[in-house]
Amino acid sequence: MAQAQQAEAHLAAHDIRSLDLSCVARGTQIATRRGEVLVEELQAGDEVVSRDKGLTPVRWIGRLDASNAPVKVPAGAMGRRVPARDCWLSPDARLWMQGAEFEAAFTCREVLVPVKDLIGWRGIKEDQAGSSEFFLVLCDTPSVMVVDGMQIEMRHPGTSLRLFDKVQADEMAELFPELLALDSKSDKWRRRLDKHEAAQVTEVKKRA
C-alpha cells in the first residue's frame, strides 16, 4: 500500500524547470501582520509584509508537488541574518537584491535574481533532501514578500496556475477572478535578470 501511494505521489509531481514559478517550500515562514506564519498555515485575507505596499492582503494560495529538488539558501547567505534561517525555494524563485554596485551593470539599484543562478555562491545549492512541496502566495499584484527574513518575488504563474491545488482563495478573488489574470510584470525600477545577467551578480558583488 505504501509503495502504491509513493508511486501515485510521484506521478502527480510536476517538472517545473521551464515554468518560471516563484514558490516557497513547506515550512517556510512568511512575515504577516500577526507575525511569522508557516506558509502552509497562511490564510486568504492574511496581510503579508510586502516591500512596495507594506501590509497587503493575500488573495489566493496554491500548492503543488514538484519532481524537482528545491534550492537551499543557508541562513545568513545573503547578509547578516538574511535569511534568518535556512530557506528552501523553487529553482525559479527570484531573490530581491539592492546595491549601488548594480547600477553600472544593470542600470538600476534593485534587481530580482533567480535563485537557481546563484547556486554555488555562499553555500546556495540544490538540495535533494529538501521538500519539493511548494506553495504560491498571490496578492492583487506581483509582490516582494518577506520570506524567512529574506525578500522574494511572488508573481502570477500564468497558464501554470492550473497545476496548483487551490488551498485558499478569499471572497475578492472568487468574485473578481480577473485579479488572478494579472500579468507578472516587474516594476520599472526593478529588473528581473536573465540567466546571463544573473551570472554577473557574484562578480559585481566581489567588486563592490
Side-chain angles (χ1 to χ4, degrees), residues 1-50 56-73 85-95 114-116 126-148 150 152-185:
M1 178 66 73
Q3 288 182 338
Q5 290 175 334
Q6 288 176 352
E8 183 178 348
H10 179 72
L11 288 174
H14 301 283
D15 184 340
I16 61 173
R17 283 175 296 183
S18 61
L19 299 181
D20 195 28
L21 297 178
S22 189
C23 308
V24 299
R26 171 177 283 274
T28 302
Q29 297 194 46
I30 310 294
T32 75
R33 179 188 285 276
R34 58 191 175 98
E36 287 192 312
V37 177
L38 290 170
V39 67
E40 60 268 27
E41 297 177 1
L42 199 64
Q43 300 288 315
D46 277 339
E47 292 183 299
V48 295
V49 177
S50 70
T56 188
V58 171
R59 298 301 191 194
W60 188 91
I61 305 165
R63 66 165 294 282
L64 66 74
D65 292 307
S67 59
N68 317 86
V71 176
K72 177 183 176 181
V73 182
R85 58 192 71 85
D86 293 350
C87 179
W88 286 265
L89 305 168
S90 63
D92 285 305
R94 282 183 166 83
L95 281 59
V115 69
K116 67 182 180 183
E126 188 177 76
D127 185 5
Q128 297 293 337
S131 173
S132 292
E133 182 185 8
F134 292 117
F135 290 79
L136 176 66
V137 181
L138 295 181
C139 299
D140 290 351
T141 59
S143 300
V144 175
M145 298 181 190
V146 179
V147 172
D148 281 336
M150 182 168 57
I152 303 294
E153 181 195 35
M154 287 279 195
R155 60 188 182 276
H156 193 280
T159 57
S160 298
L161 187 69
R162 60 184 174 77
L163 301 180
F164 288 83
D165 297 323
K166 183 176 70 174
V167 177
Q168 288 279 333
D170 78 358
E171 185 180 7
M172 181 70 75
E174 296 286 7
L175 290 173
F176 302 103
E178 64 268 20
L179 288 174
L180 301 181
L182 294 170
D183 291 332
S184 55
K185 295 179 180 178

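All heavy atoms count here, side chains included; hydrogens, waters and symmetry mates do not.
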Asker: Drop me the distance from F135's CZ to T28's OG1, to the nearest 0.5 angstrom.
Answerer: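 Answer for the CZ-OG1 pair, F135 versus T28, is 9.0 Å.
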
Asker: Minimum heavy-atom separation for S67 and A13, please, with both atom names.
Answerer: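 Minimum heavy-atom contact is N-CB, 3.8 Å.
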
Asker: Given the rule in the side-chain contact (heavy atoms from CB on, under 4.5 Å) test, do F164 and I61 qualify, once you have shown the distances and angles that lead to the verdict?
Answerer: CA-CA 9 Å; F164 288 83; I61 305 165; over 6 Å; no

Asker: Let's go through L64 and L21 carefully: what are the C-alpha distance in whole Å and the side-chain angles of both, what is the deciding distance for side-chain contact (heavy atoms from CB on, under 4.5 Å) to 0.1 Å, and is it a yes or a no?
Answerer: CA-CA 11 Å; L64 66 74; L21 297 178; 3.9 Å; yes

Asker: Hey, does the side chain of E36 reach the backbone of D148 with a donor-acceptor pair shorter than 3.5 angstrom?
Answerer: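 No, E36 side chain to D148 backbone: no donor-acceptor pair under 3.5 Å.
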
Asker: Assess whether a salt bridge exists between R94 and D20, defined as any Lys/Arg side-chain N lying under 4.0 Å from an Asp/Glu carboxylate O.
Answerer: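 Yes, charged N to carboxylate O under 4.0 Å.
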
Asker: Just wondering, do W88 and S131 contact through their side chains at under 4.5 Å, heavy atoms?
Answerer: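 Result no, sub-4.5 Å side-chain heavy-atom pair not found.
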
Asker: Are L89 and L95 close enough that some pair of their side-chain heavy atoms sits under 4.5 Å apart?
Answerer: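 Answer yes - side chains close enough.
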
Asker: Given E47, which of R33, R34, R59 fulfils the salt bridge (Lys or Arg N to Asp or Glu O under 4.0 Å) condition?
Answerer: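 Result for salt bridge (Lys or Arg N to Asp or Glu O under 4.0 Å) with E47: R33.
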
Asker: Please find the pair of heavy atoms, one from W60 and one from A169, that lie closest to each other, and give the distance.
Answerer: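 It is CD1-CB, 3.6 Å.
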
Asker: Quick one: closest heavy-atom pair of P91 and V115, and the distance?
Answerer: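 Taking P91 first and V115 second, the nearest heavy atoms are O-CG1, 3.4 Å.
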
Asker: Salt-bridge test for D92 and K116: reply yes if a basic N is under 4.0 Å from a carboxylate O, no otherwise.
Answerer: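 Salt bridge flag = yes for K116 with D92.
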
Asker: Looking at S22 and E153, would you say the former's side chain and the latter's main chain have a donor-acceptor pair under 3.5 Å?
Answerer: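 Yes, S22 side chain to E153 backbone: donor-acceptor pair under 3.5 Å.
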
Asker: For S50, enumerate each residue passing the side chain to side chain contact (heavy atoms under 4.5 Å, CB included) test, keeping only those at least two apart in sequence or located in another chain.
Answerer: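 Scan of S50 (side chain to side chain contact (heavy atoms under 4.5 Å, CB included), adjacent residues dropped) gives K53, T56, S143.
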
Asker: Which is it for V48 and L42 under the side-chain contact (heavy atoms from CB on, under 4.5 Å) test, yes or no, and what are the steps along the way?
Answerer: CA-CA 9 Å; V48 295; L42 199 64; 4.3 Å; yes

Asker: Do N68 and R17 touch side chain to side chain, with heavy atoms closer than 4.5 Å?
Answerer: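 Heavy-atom side-chain distance check passes, below 4.5 Å.
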
Asker: Any side-chain heavy atom of S160 sitting closer than 4.5 Å to one from H14?
Answerer: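 No; the side chains remain at least 4.5 Å from each other.
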
Asker: Taking the side chain as every heavy atom from C-beta outward, state whether Q168 and V58 have any atom pair closer than 4.5 Å.
Answerer: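 Result no, sub-4.5 Å side-chain heavy-atom pair not found.
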
Asker: Using side-chain heavy atoms (C-beta onward) and a distance below 4.5 Å, is P157 in contact with L19?
Answerer: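 No - every pair of side-chain heavy atoms lies 4.5 Å or more apart.
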
Asker: Can you tell me how far apart CG (L138) and CG (L161) are? Round to the nearest 0.5 Å.
Answerer: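 Separation between the atoms: 7.0 Å.
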
Asker: Heavy atoms, side chains only, cut-off 4.5 Å: are V39 and R26 in contact?
Answerer: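 V39 does not reach R26 side chain to side chain.
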
Asker: What are the two closest heavy atoms between E40 and G27, and how far apart are they?
Answerer: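 Nearest heavy atoms, E40 then G27: OE1-N, 3.0 Å.
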
Asker: For residues Q29 and R85, determine if any side-chain heavy atom of one lies less than 4.5 Å from a side-chain heavy atom of the other.
Answerer: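 SC-SC contact between Q29 and R85 confirmed.
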
